[in-house]
Amino acid sequence: MDTMRERFASVVSRLLDEDPRLAVVLAEIGADGFRRAAGRHPDRVVNVGIREQLLVGVGGGLALTGMRPVLHTFASFLVERPFEQLKLDFGHQGTGGVLVSAGGSYDWPAGGFTHMAPGDVALLDTLDGWTVHVPGHPDEAETLLRRSCAGGGGDGGGNGGDRVYVRLSAQTNARPRPVTGEGFLTVRRGGPGAPAVVAVGPLLDSVLDAVRGLDATVLYAATVRPFDTAALRAAVAGPGAPEVVLVEPYLAGTSTAAAAEALADVPHRILGLGTARAELRRYGTAAEHLAAHGLDPRSLRERITSFTARAAV
């Protein structure tokens, strides 16, 4: 099976042939995947070199001309390093485009903390109007990339369309789920009053393993912004105070405010699980990071059952 990044390069290369509005902007990383596309479309595949602020600035400029820019590099270089440019060149200017990241929270541990971005989604949450996709399988990534590249479409007045962030990962679930780019998918339904566990992107399989034999509803989120308030409320409808567990492959608690707002009119309990704020300086492997952050199935089961047990005391 190809990776999400490989699928990204092949799919967007084909879309460049089909859509003359589309342009890809790179900062050296990922350039090999677009080598053939650059030969066919040298004016619409732009490699700015290791200049991430320029990467975002060029994308914003292309959007002002009515193009649909697709920007790609590691998440730490795409969201964190050029954050001011995202805030101004897209948000303040009212332009749109597609950010496609790689690396995630700890996909390449040997790269060190400079190549990790567990806070990327939380940082984008400080800006208005971003749609955020977190696919859990290459097939899902393709669906969401196609939707994102076509989405918004520009208004003819030079704004590049809507603003979308697609967070690709080396971690995947065993099989794809149907995704539309809107809302959460119910993959398992518990009994009345059962806790709702929201599994984001590539953590779905770990969550399903963790709750095996437990009474719990599992919602799958491949799109986390906008947050699906209606699906969460429907999942926890029933007797007692709702209990919600959010399992996210980035900074723990990133979506707790959104979940709390969704349930603002009822007493509720929320547990946010994800990567910790403390830096893990022994880089090891991605699997070791997963376990160290308590996101492997065994740790998730312990944390979920401990949380729900406290409600019964």
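Below, each value reflects all heavy atoms present in this structure, side chains not excepted, and no hydrogens, waters or symmetry copies.
If you take CZ on Arg5 and CD1 on Ile29, they are separated by 7.0 Å, rounding to the nearest 0.5 Å. Within the model, atoms CZ of Arg40 and CG of Leu16 stand 7.5 Å from one another, a figure rounded to the nearest 0.5 Å. Note that CZ of Phe74 and CH2 of Trp108 are 6.0 Å apart. Values are rounded to the nearest 0.5 Å. Here the CD1 atom belonging to Ile270 is positioned 11.0 Å from the CD atom belonging to Glu243, to the nearest 0.5 angstrom. Atom CG of Leu203 sits about 7.5 Å away from atom CG of Leu300, to the nearest 0.5 Å. Put simply, OG1 on Thr73 and CD1 on Ile50 are 9.0 Å apart, with the number rounded to the nearest 0.5 Å.
In terms of heavy atoms, Tyr106 sits closest to His293 at CE2-CD2, 4.0 Å. Pro82 approaches Glu52 most closely through the heavy-atom pair CB-O, 3.7 Å. Summarising the geometry of Asp89 relative to Gly57, their closest heavy-atom pair is OD2-CA, 3.3 Å, with the distance given to 0.1 Å. When all heavy atoms of Tyr220 and Val187 are compared, the closest pair comes out as CB-CG1, 4.0 Å. Scanning both residues, Gly136 and Glu140, for their nearest heavy atoms gives N-OE1, 2.8 Å. Nearest heavy-atom pair, Thr256 versus Gly272, reported as atom, atom and distance to 0.1 Å: CG2-CA, 3.9 Å.
Taking the side chain as every heavy atom from C-beta outward, Phe227 and Leu232 approach each other to under 4.5 Å. Pro249 has its side chain out of reach of Thr275: every pair of non-hydrogen atoms, C-beta onward, lies at least 4.5 Å apart. Put simply, the side chain of Val197 does not reach to within 4.5 Å of the side chain of Leu219, judged on heavy atoms. At a threshold of 4.5 Å between non-hydrogen side-chain atoms, the residues Arg301 and Val211 do not count as touching. Inter-residue side-chain proximity for Asp162 and Val164 is flagged as met; some heavy-atom pair is nearer than 4.5 Å. Counting heavy atoms from C-beta outward, Pro138 and Thr172 have side chains that approach closer than 4.5 Å. You'll find the side chain of Val70 reaches within 4.5 Å of the side chain of Cys149, heavy atoms only. In this structure the side chain of Ser105 never reaches within 4.5 angstrom of the side chain of Asp120, judged on heavy atoms.
With Tyr250 as the aromatic partner, Arg167 does not meet the cation-pi criteria of under 6.0 angstrom to the ring centre and within 45 degrees of the ring axis.
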- Could you please spell out the steps behind the side-chain contact (heavy atoms from CB on, under 4.5 Å) verdict for Leu263 and Val244? CA-CA 10 Å; Leu263 302 174; Val244 177; 3.8 Å; yes
- Query: Are Arg233 and Asp228 close enough, and set up right, to give a salt bridge (charged side-chain N to carboxylate O under 4.0 Å, His left out), and what steps lead you there?
  - Reply: CA-CA 9 Å; Arg233 289 182 66 90; Asp228 192 350; over 6 Å; no
- Could you walk me through whether Leu273 and Arg303 pass the side-chain contact (heavy atoms from CB on, under 4.5 Å) check? CA-CA 9 Å; Leu273 303 179; Arg303 299 169 82 181; 3.3 Å; yes
- Message: I'd like to know whether Ser76 forms a side-chain contact (heavy atoms from CB on, under 4.5 Å) with Arg81, so could you lay out the CA-CA distance, the side-chain angles of the two residues, the decisive distance to 0.1 Å, and finally the verdict.
- Response: CA-CA 6 Å; Ser76 55; Arg81 181 172 294 175; over 6 Å; no
- Task: Any chance you could lay out the salt bridge (charged side-chain N to carboxylate O under 4.0 Å, His left out) test for Arg44 and Asp17, step after step, and finish with the verdict?
- Result: CA-CA 10 Å; Arg44 291 192 288 123; Asp17 297 335; over 6 Å; no
- Apply the test side-chain contact (heavy atoms from CB on, under 4.5 Å) to residues Val245 and Val198: give CA-CA distance (whole Å), side-chain angles for both, the deciding distance (0.1 Å), then the verdict. CA-CA 6 Å; Val245 181; Val198 180; over 6 Å; no
- Item | Chi angles and distances behind the side chain to side chain donor-acceptor pair (under 3.5 Å) call for Tyr165, Ser101 | CA-CA 8 Å; Tyr165 179 49; Ser101 74; 2.8 Å; yes
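Thr308 and Arg269 form no side-chain donor-acceptor contact under 3.5 Å, judged by distance and modelled atom types alone.
Using modelled atom types, one side-chain atom of Thr65 and one backbone atom of Leu62 make a donor-acceptor pair closer than 3.5 Å. In terms of modelled atom types and a separation under 3.5 Å, the side chain of Thr95 and the main chain of Leu64 share no donor-acceptor contact. Arg146 places no side-chain N or O within 3.5 Å of a backbone atom of Val12 that could act as its donor or acceptor partner. Side chain of Arg225 to main chain of Gly129: no donor-acceptor pair is present (N/O by atom type, distance under 3.5 Å, no hydrogens or angles). Between the Thr223 side chain and the Gly183 main chain, no donor and acceptor come within less than 3.5 Å of each other. Here the side chain of Gln93 pairs no donor or acceptor atom with the backbone of Phe90 at under 3.5 angstrom. Of the possible polar contacts, none joining the Thr186 side chain to the Arg188 backbone as a donor-acceptor pair under 3.5 Å is found. Side chain of Asn173 to main chain of Arg175: no donor-acceptor pair is present (N/O by atom type, distance under 3.5 Å, no hydrogens or angles). Side chain of Glu302 to main chain of Ser299: no donor-acceptor pair is present (N/O by atom type, distance under 3.5 Å, no hydrogens or angles). With hydrogens and angles ignored, the 3.5 Å screen pairs a side-chain donor or acceptor of Asn47 with a backbone N or O of Glu28.
Classified by interplanar angle (parallel below 30°, tilted 30° to 60°, perpendicular above 60°), the ring pair Phe77/His115 is perpendicular.
Under a hydrophobic-cluster definition in which Ile, Leu, Val, Met, Phe, Trp and Tyr are linked whenever side-chain heavy atoms come within less than 4.5 Å, directly or via other members, Val224 and Leu99 are assigned to the same cluster. By the rule that hydrophobic residues join a cluster once side-chain heavy atoms approach within less than 4.5 Å of another member, Leu251 and Leu290 end up as members of separate clusters. The hydrophobic clustering, which links ILVMFWY residues whose side-chain heavy atoms are closer than 4.5 Å, places Val132 and Leu71 together. Put simply, Val11 and Val25 are part of two different groups of oily side chains (I, L, V, M, F, W, Y) that touch within less than 4.5 Å, one to the next. Cluster membership check: Leu295 shares its hydrophobic cluster with Leu208, using side-chain heavy-atom separations under 4.5 Å among Ile, Leu, Val, Met, Phe, Trp and Tyr.
The existence of a salt bridge linking Arg189 and Asp215 is excluded, since no basic side-chain nitrogen approaches an acidic carboxylate oxygen closer than 4.0 Å.
Residues meeting the ring pair (Phe, Tyr, Trp, His ring centres under 6.0 Å) test with His268, sequence neighbours left out: none.
Applying the ring pair (Phe, Tyr, Trp, His ring centres under 6.0 Å) rule to pairs touching residues 4-57 yields Phe8-Phe34, Phe8-His72, sequence neighbours excluded. Within the structure, side-chain hydrogen bond (donor to acceptor under 3.5 Å, both in side chains) contacts touching residues 198-214 (residues at least two apart or in different chains) are Asp209-Arg212.
For Phe113 and Tyr283, the ring centers sit 6.0 Å or farther from each other.
Around atom CG of Asp43, more than 12 heavy atoms belonging to other residues, nucleotides or ligands sit under 6.0 Å away. A 6.0 Å sphere centred on CD of Glu18 holds more than 12 heavy atoms belonging to other residues, nucleotides or ligands.
No option in Arg147, Arg7, His137 other than Arg7 meets the side chain to side chain donor-acceptor pair (under 3.5 Å) test with Glu142.
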